J.: 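Just dropping this structure here.
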2 protein chains.
Amino acid sequence: MRIEVLFTPAEITEAAVKGKTVAVIDVLRACTTIAFALSRGCSSIVPVASVEAATSLVASLDRNVTLLGGEREGKRIDGFDLGNSPAEYTAEIVKRKTLVLATTNGTRAVSMSEGAREIVITSFVNMGSVVDHAAKLEDEDLTIVCAGKNNRFALEDAVCAGMVIERLCKDKEAELNDGAQAARGLYKQNEESITALLRECEHGRYLEGLGFARDLEICSRVDSLSILPLVKQGRIGRPRKPRKK
Amino acid sequence: MRIEVLFTPAEITEAAVKGKTVAVIDVLRACTTIAFALSRGCSSIVPVASVEAATSLVASLDRNVTLLGGEREGKRIDGFDLGNSPAEYTAEIVKRKTLVLATTNGTRAVSMSEGAREIVITSFVNMGSVVDHAAKLEDEDLTIVCAGKNNRFALEDAVCAGMVIERLCKDKEAELNDGAQAARGLYKQNEESITALLRECEHGRYLEGLGFARDLEICSRVDSLSILPLVKQGRIGRPRKPRKK
């Protein structure tokens, strides 16, 4: 098995994703929010790249069963039902609803990974489900795409990628690219302090400044949700329980 | 002082380089080769982006005082005087010559850093000179651009960036972006084994396969050259000794 880590979507090449299993990571906060929404009963999520795409899509859907969520610069978008805080996505609000979600970095990483055989939404909260799934790949390759921040390296995404690798490499040998090697090293330096990491990384400090300190704590809860969100034909699918845990 | 590390030229924004001191790192091998050539008496180096640009530029110059060097996929280009191995650039060959140099990643990082107040060519071999120079920046910002490999993260460049930061932060406090934080951590994991790192990273293994094992050893000699190559108006300037050592 070969594992590649790409630290920003700009590192994506066709060869890196075509026909492969791709794990997209955006710890703060899109991938964590998606895991929360699906866990709380949301039927499906449509990730979109722009506010305009979100509002025009929602205009064509039944508003009684559709929610509009997302952020720009971390803040809820004017006129949207929800922002990008995982805790907003309660069962009461999201159950049996379709969510149209416009976020800055996570959505872009997903759309640039088109061509993958399978895209798995990955964060600390659903780490165990993702690793169980990836462990079944056998000889297939795994590409991990970090969403980063405005096309820049984001430390929290790199450490999360490193955790996937560290767990996978407990049971099997894998060939690692430079990014995967680095991510694993960065995880080892931070494994005892994921919550502190999320508070100290650039985007964590920015979110704390906006009043989202509680989100950082929620996003750092490793293995707190048992869910495997998969992107299929532009939609992030209903959760399914991993076969074994 | 704020220090930013960008792991690939794709992370460059105008704000990151405009009016700033930019250290460009390409350990394997362009920046090491440039340091060698200038140390051995080469008068100046013109980095160019393509083989075509190199050959057409050379056609307009006095061939008696001009050398044509560079690589594609690590190998010397057909018809060129020299490849990209530091050891090729002996005093006998390069003294008082102008070198037109076409390399894949280092040249691109330099040209994408245009707009900088100053561009410093950085590698392990001239680490001390670069750090002495950067230490004089006082309150100015430093941006470190890793050339990477074909727009991908390269571990050896990241570790070299981390070494610049580790040395600079011995004497002064600096605000670090996520890339700088990660680079410093990766340096700490590799500081005792730079030669091994160059043998184990992806590009090092590739070069070893081409028969360039000796280059890896040369590129890992920290502080072996006292030289500060600066890019000015498209040329990499004559060396000057740093004021104090």
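Reminder, nothing fancy here: chain letters follow the sequence lines and each chain counts from 1. The model shown is predicted, which means the values in this text are computed figures rather than measured ones. Heavy atoms only: backbone and side chains are in, while hydrogens, waters and symmetry mates are out.
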J.: Minimum heavy-atom separation for Arg152(B) to Thr13(A), with atom names?
T.: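 Looking at all heavy atoms of both residues, the closest pair is NH2-OG1, 3.4 Å.
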
J.: Is it true that atom CD of Glu217(B) has more than 12 heavy atoms of other residues, nucleotides or ligands lying nearer than 6.0 Å?
T.: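 It does: Glu217(B) CD has more than 12 such atoms within range.
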
J.: Looking at Arg205(B), I'd like to know if its CZ atom is crowded, meaning that more than 12 non-hydrogen atoms belonging to other residues, nucleotides or ligands lie closer than 6.0 Å.
T.: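 Counting other residues, nucleotides and ligands, CZ of Arg205(B) exceeds 12 neighbours.
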
J.: Quick one: closest heavy-atom pair of Asn151(A) and Ala10(B), and the distance?
T.: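 Looking at all heavy atoms of both residues, the shortest contact is ND2-O, 3.9 Å.
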
J.: Testing the basics here: between Asp178(A) and Glu156(B), what is the closest heavy-atom pair and its distance to 0.1 Å?
T.: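 Smallest interatomic distance, heavy atoms only, reads OD2-OE1, 3.6 Å.
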
J.: Given heavy-atom pairs under 4.5 angstrom as the criterion, report whether the side chain, backbone, both or neither of Arg184(B) touches chain A.
T.: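 Contact with chain A involves no heavy atom of Arg184(B) at all.
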
J.: Tell me, yes or no, whether the heavy-atom count around Arg214(B) atom CZ, taken from other residues, nucleotides or ligands under 6.0 Å, exceeds 12.
T.: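 Not buried by this count: 12 neighbours or fewer within 6.0 Å.
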
J.: For Glu114(A), I'd like to know if atom CD has over 12 heavy atoms of other residues, nucleotides or ligands within 6.0 Å.
T.: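 Counting other residues, nucleotides and ligands, CD of Glu114(A) stays at 12 neighbours or fewer.
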
J.: Taking Leu155(A), Leu176(A), Val159(A) one by one, which has the highest count of heavy-atom pairs under 4.5 Å against chain B?
T.: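 So the answer, after comparing Leu155(A), Leu176(A), Val159(A), is Leu155(A).
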
J.: Are there more than 12 heavy atoms of other residues, nucleotides or ligands under 6.0 Å from atom CZ of Arg199(B)?
T.: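 No, the 6.0 Å shell around CZ holds no more than 12 heavy atoms from other groups.
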
J.: Counting only heavy atoms not in Lys172(B), do more than 12 fall under 6.0 Å of its NZ?
T.: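 Yes - once you tally the heavy atoms of other residues, nucleotides and ligands closer than 6.0 Å, there are more than 12.
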
J.: Nearest 0.5 Å, what's the CD-CD distance between Gln181(B) and Glu202(A)?
T.: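 The CD atom of Gln181(B) sits 9.0 Å away from the CD atom of Glu202(A).
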
J.: Is there a donor-acceptor pair closer than 3.5 Å between any side-chain N or O of Gln189(B) and the backbone N or O of Gly185(A)?
T.: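 Yes, Gln189(B) side chain to Gly185(A) backbone: donor-acceptor pair under 3.5 Å.
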
J.: Which pair of non-hydrogen atoms, one from Thr8(B) and one from Glu11(A), has the smallest distance, and what is that distance?
T.: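 Minimum heavy-atom contact is CG2-OE2, 4.0 Å.
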
J.: Check the angle between the aromatic planes of Phe153(B) and Phe7(A) and answer parallel, tilted or perpendicular using the 30° and 60° thresholds.
T.: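 Phe153(B) and Phe7(A): perpendicular rings.
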
J.: Please classify the contact of Leu6(B) with chain A as side chain, backbone, both or neither, using a heavy-atom distance under 4.5 Å.
T.: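 The answer is the side chain of Leu6(B).
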
